[in-house]
Amino acid sequence: MIVNTELEHKGNLFPSKIIDFKKDVDTLYFSTDNDVVLQLTVVRDSVLRFRYTTIGSFGNDFSYAITKYASTGYNKLEIEEKKGHYEITTSKLRCEISKESLRVSIYDVKDNALINQDESGFHWEENYQHGGNIVKMSKVSNDGESYYGLGDKPNHLSLRGKRYTNWVTDSYAYGKDTDPIYKAIPFYTGLHSGKAYGIFFDNTFQTSFDFATERRNVTSFWAQGGEMNYYFFYGPRMNQVVESYTDLTGKPHLLPPLWALGFHQCKWSYYPESKVKDITSTFRKLQIPCDAIYLDIDYMEGFRCFTWDKNHFPDPKRMVDELAADGFKTVVIIDPGIKIDKDYSVFKEALDKDYFCKRADGDYMKGKVWPGECYFPDFTNPEVREWWSGLFKELIEKVGVKGVWNDMNEPAVMEVPNKTFPDDVRHDYDGNPCSHRKAHNIYGMQMARATYQGVKRYSYPKRPFVITRAAYSGTQRYTSTWTGDNVATWEHLWIANIQAQRMAMSGFGFVGSDIGGFAEQPQGELFTRWIQLGIFHPFFRVHSSGDHGDQEPWAFGEDVTEIVKKFIEIRYQLLPYLYTAFWNYVDHGTPLLKSLVLFDQDDVHTHYRTDEFIFGEQILACPVLEPNAKGRRMYVPKGNWYNFWNDEVIKGGKEMWVDADIDSMPIFIKEGAIIPKYPVQQYVGEKEIKEITLDVYYKEGKEESELYSDANDGYDYTKGRYSLRNFTLTGRTNELIISQYKEGKFVTPYDTFNIQLHGLPFDIVEVQLDNEKIDPKSLKVNGIESIVVDKNFSELHILGKELKS
Ligand code: GLC
């Protein structure tokens, strides 16, 4: 019997009282007289791990989610035995463990505020069918507590009052209420009394979360097998929680090549070669920037991975080279199902080497996917991953493909009711043999990991680019992702916005949706509004299924083409800004997109907002989500913001109407920001960029901004050859000072900054560059004050005379 509720109390078992306590450096063991042991590890002062067994001892401690680079170490660890409980204190937290019930309460050590508390705490039910336990945890849910995270769930950002399951599932044309879909990210953030904490339930079996649904004051989570094993992260800021989780499960190992942040055009399927060339040459003819072109399953010979259909693509290397000469990087799809065909070398080799997954009784796991009957490599076996990565040699090294797209890796199986492998399929699980019940949620992750290893090896010295559909926590280390088979409806535009924000606050920043919708065909207006949102998604790709008409930027008439082009150009201008945000993500785990609650948790108005978000650090965007709109109402967070289109300054902290006809969308820049911009290019690297524009938005007061640059590809940046410029803007009524502090050894190709001054409240009377007066004449370009300076300036001082207005 599958237990679908934490509350089915009939068979629930609970720990009894603590009879023994041991300490081993950073780990404490509390044993009860019914063989329950709680293993509590202090990972950091603000990160605790709770792990429970019901049989007196623990099995092998292995996780695919946790990175070996996770930060560990604490400043303080004290343990005291009190009358009714044990008390563990770090420099950030105090944790009490009840002697009577093993229940846990966690406090902020500074002000004694209760952050999180067990309700029933750990309990379990024996699983007679499969063995082991259904392990459960229930926590008190406070009045006004809200919850966020959990990966790609397609409904409202706030999780309160919802119940979700994690079981990665191929979900063609899913809707707002479909659950589960493609990803399993069992991590959430809770926020109450102004403080945020997070919980990551690192269990790969099917897990469920109930956020105060079954009982108003209880939040619980449980798994169909495995251990109750969770990490607790304390903020108190929400971004600290997300950064701690990302630190533990891993930031991307490398920055993406800059081209991967450009625009990608995809369809199922562009073939033959002449069709591909038609598409790419139309981009160039219409001067619509584009960096990547995709080949979906039809490029293969009978859908056999690592082969080419020679009728449609007679000379793949020549084609890929020609596309590259025109600035296009070719990305190809690779699925896990390997066609059963004795004459197909990949199949033969995997069969000979015994690399395919098997059923419990020894038969192969056979299932139907695009090529017909297939077997599936066991990517949880390190030897299989190594073999798989070697298969990319020809594709990457010889043919010159620049990126690989992993799909159907839930794994998806057609024409069976559960859409995937049966539970009894066996997996190696890196030397911890198990059934599919345990390996299902990480199968796609391990495939993407093996693909990443191969693409990385053969792309060297360039950086790899991989995209996956299925994911578990930690998959962000290897690959980007998209949100699967959505639909060309306005509701799906809303969903895409939610999913990208939710993924970002679940540690997975390199994300985007199938722009325009995968199933069905959008009207030009919907396509336009989706592109507008898409320019703010780290992964920016149009994709659609083959049978619903064209979906290129020019497929909807000239008016649409023009607007879409304008927005893609804005994306290309913002590349240095996005790249800087990406660097912050890779370096500190800083979320690339910030939902308003993550941006300003102290303002309760942000807690239930869904549509508005911050792109990077300083740009506020809000898509228009309805047809025939001339604008929309939106909540502008506290502070002063410049309207991107007309520099009008508005005071936030309220909901307001913002004009945004079809050729516009609400975009605001944080007062004081310095936004770096490239000139428009048709693809990354088209031009040698000698000058970067810095859009400077005056503020009375101080604001910090950054600009990160490196060679845009390659590994040199990992050895210190990057350039990080920290700008401080200080504005007063009649002066503005911009100072710069530089780090890193990289010599940027740009020599100058074109500083464009927005919103200056005074007329300039004098400009000093590094204490020398320069000629302030000829400043105005298109009504905006503009000053060109050497990139290595230390201080730009602009003095003025107050405007009377
Ligand atoms: C799946 C993918 C989709 C792809 C199609 C054919 O539906 O999600 O993106 O185009 O398979 O490969």
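In each ligand, atom 1 is the first atom listed, and ligand 1 is the first ligand listed. No hydrogens, no waters, no symmetry mates; every other heavy atom, side chains included, goes into these values.
Glu386 has a carboxylate O that lies under 4.0 Å from a charged side-chain N of Arg457, or vice versa, which qualifies the two as a salt bridge.
Of the residues listed (Thr204, Asp430, Thr249), the one engaging Tyr64 in a side chain to side chain donor-acceptor pair (under 3.5 Å) is Asp430, and it is the only one.
Nearest heavy-atom pair, Ala350 versus Phe356, reported as atom, atom and distance to 0.1 Å: CB-CZ, 3.3 Å.
Side-chain atoms of Arg437 come within 3.5 Å of backbone atoms of Gln224 as a donor-acceptor pair (strictly under, hydrogens ignored). The backbone N or O of Trp405 sits nowhere less than 3.5 Å from a side-chain atom of Arg469 that would complete a donor-acceptor pair.
A distance limit of 4.0 angstrom between heavy atoms and ligand 1 selects the residues Trp268, Asp296, Ile297, Ile333, Trp370, Trp405, Asp407, Arg469, Trp482, Asp485, Phe518, His543.
Lys565 is linked by a side chain to side chain donor-acceptor pair (under 3.5 Å) to Glu569, counting only residues two or more places apart in sequence or in another chain.
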